[in-house]
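For reference, the structure is listed below as structure tokens.
As a basis for the values below, the full set of heavy atoms in this structure was taken, side chains included, without hydrogen atoms, waters or symmetry mates. Along the sequence shown, residues carry numbers from 1.
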Amino acid sequence: MEIITQTPDLVICIKPVGVDSEKEMPQLLAQVLPGEFFPVHRLDMGVGGLMVFARSKQAAAKLGALIAQGQLKKEYLALVHGCPEEKTGRMEDLLWKDSRKNKVFVVKRQRAGVRPAALRYQVVRAGEESLVRVFLETGRSHQIRVQFASRGFPLVGDRKYGGAGDGETLALWSWRLGFTHPETGRSMVFTHQPP
């Protein structure tokens, strides 16, 4: 368990690929640090990288409010099949999750269960497999995966959405987190390159 920083209110750490962010991560943190840990956002099982955990219910509520206001800035590095024509751009869609299949779909019209999703991206390295920097504006389930796949650029390793690979390890990494500490008001930015 790699701890990046800790305060009395929160912990920034690296979630390993293959670990459940909401159930296993708090248990792993409790093995190396005292106290309880509350997830305030999640990463899919096959995704690794930076996460923030609250150390109390009060801190979780404050961090949750930051997320709801769009003030927790999350950036990812993704390896996608192909390359978007525009080297920088924005993707905006309506997403609907089929909970029984645990799969998300882009849909055309608003209805029950449909939520808007938006992200910005920048192509870092173009090729048959392109490295893309992704800036989330919303945090929907499988958002990056389905928005790129729906345009013909599935993530490497993401068989669920059309990418070649084992389906267990996705070429997606939470590499940058930025927010204002809810107690101190201090601006906090963390980065961690993928392995």
> Heavy-atom count around Gln71 CD within 6.0 Å, excluding the residue itself: above 12?
Replying inline: yes
>> I need the Gln27 CD to Met25 CE distance, nearest 0.5 Å.
In response: 11.0 Å
> If every non-hydrogen atom of Arg55 is compared with every non-hydrogen atom of Pro8, which pair is closest and at what distance?
Replying inline: CB-O, 3.7 Å
>> Within this structure, what is the CZ-CH2 distance for the pair Arg109 and Trp96, rounded to the nearest 0.5 Å?
In response: 11.5 Å
> For Ala54 and Val40, which heavy atoms make the closest approach, and how far apart are they?
Replying inline: CB-CG1, 4.2 Å
>> Run Val132 and Phe148 through side chain to side chain contact (heavy atoms under 4.5 Å, CB included) and show every step you take.
In response: CA-CA 10 Å; Val132 181; Phe148 276 92; 3.9 Å; yes
> How about Glu128: does its CD atom have over 12 heavy atoms from other parts shown lying under 6.0 Å from it?
Replying inline: no
>> Can you confirm whether Arg151 is buried at CZ, in the sense that more than 12 heavy atoms of other residues, nucleotides or ligands lie under 6.0 Å from that atom?
In response: yes
> Can Val146 be reached from Phe105 by stepping across I, L, V, M, F, W or Y side chains whose heavy atoms are under 4.5 Å apart?
Replying inline: no
> Is the CZ atom of Arg111 crowded by more than 12 outside heavy atoms at less than 6.0 Å?
Replying inline: yes
>> Could you check whether Glu75 pairs with Lys73 (Lys NZ or Arg NE/NH1/NH2 to Asp/Glu carboxylate O, under 4.0 Å)?
In response: no
>> Under a 3.5 Å distance rule, please check whether Ser174 uses its side chain to pair with a backbone N or O of Leu50 as donor and acceptor.
In response: yes
>> Would Phe53 and Met51 count as a side chain to side chain contact (heavy atoms under 4.5 Å, CB included) here? Give the steps.
In response: CA-CA 7 Å; Phe53 286 84; Met51 283 193 74; 3.7 Å; yes
>> If the threshold is 4.0 Å, N to carboxylate O, is there a salt bridge linking Asp44 and Arg145?
In response: yes
> Between CG of Leu43 and CG of Leu172, what distance do you get to the nearest 0.5 Å?
Replying inline: 8.0 Å
> Ignoring hydrogens and geometry, is there a side-chain-to-backbone donor-acceptor pair from His41 to Val52 under 3.5 Å?
Replying inline: yes
> Minimum heavy-atom separation for Glu86 to Tyr121, with atom names?
Replying inline: O-OH, 2.9 Å
>> If hydrophobic clusters are built from ILVMFWY residues whose side chains come within less than 4.5 Å, do Phe190 and Leu72 share one?
In response: yes
>> Can you give me the closest heavy-atom contact between Gly18 and Glu24, atom names plus distance?
In response: O-OE1, 4.2 Å
>> Using only atom types and a distance under 3.5 Å, with no angle test, would you say the side chain of Gln110 pairs donor to acceptor with the backbone of Val114?
In response: yes
> Atom CG of Leu28 and atom CG of Leu33: how far apart are they, to the nearest 0.5 Å?
Replying inline: 11.5 Å
>> Determine whether Leu119 and Ile144 satisfy the following criterion, side chain to side chain contact (heavy atoms under 4.5 Å, CB included), listing intermediate values before the conclusion.
In response: CA-CA 8 Å; Leu119 61 78; Ile144 296 169; 4.2 Å; yes
>> With side chain to side chain contact (heavy atoms under 4.5 Å, CB included) as the criterion, how do Tyr161 and Leu155 come out once you've worked through the C-alpha distance, each side chain's angles and the decisive distance to 0.1 Å?
In response: CA-CA 8 Å; Tyr161 293 102; Leu155 271 63; over 6 Å; no
> Is there a donor-acceptor pair under 3.5 Å between the side chain of Trp173 and the backbone N or O of Pro195?
Replying inline: no
> For the atom pair CZ (Arg125) and OG (Ser130), what is the distance rounded to the nearest 0.5 Å?
Replying inline: 8.0 Å
>> Please give me the minimum heavy-atom distance between Val17 and Gly46, naming the atom from each residue.
In response: CG1-O, 3.6 Å
>> The test is side chain to side chain donor-acceptor pair (under 3.5 Å); show your working for Gln147 and Arg140 and say whether it passes.
In response: CA-CA 10 Å; Gln147 286 195 278; Arg140 309 294 182 223; over 6 Å; no
> Once you round to the nearest 0.5 Å, how far does CH2 of Trp175 lie from CG of Leu77?
Replying inline: 6.0 Å
> With Asn102, which residues qualify under side-chain contact (heavy atoms from CB on, under 4.5 Å), at least two apart?
Replying inline: Lys97, His142, Lys160
> If we only count heavy atoms from C-beta on, is the Phe135 to Arg176 side-chain gap below 4.5 Å?
Replying inline: no
>> For Gln122, is there any backbone N or O sitting under 3.5 Å from a side-chain donor or acceptor partner on Thr88?
In response: no
> Out of curiosity, does Val104 fall in the hydrophobic cluster containing Phe153 (side-chain heavy atoms, cut-off under 4.5 Å, transitive links)?
Replying inline: no
> So, for Pro116 and Leu94, which heavy atoms are closest and what is the spacing to 0.1 Å?
Replying inline: CA-CD2, 4.1 Å
> Are Leu66 and Phe38 connected in a single hydrophobic cluster, I mean Ile/Leu/Val/Met/Phe/Trp/Tyr linked by side-chain heavy atoms less than 4.5 Å apart?
Replying inline: no
>> Just by distance, no angles: are the side chains of Gln143 and Thr138 close enough, under 3.5 Å, to form a donor-acceptor pair?
In response: yes
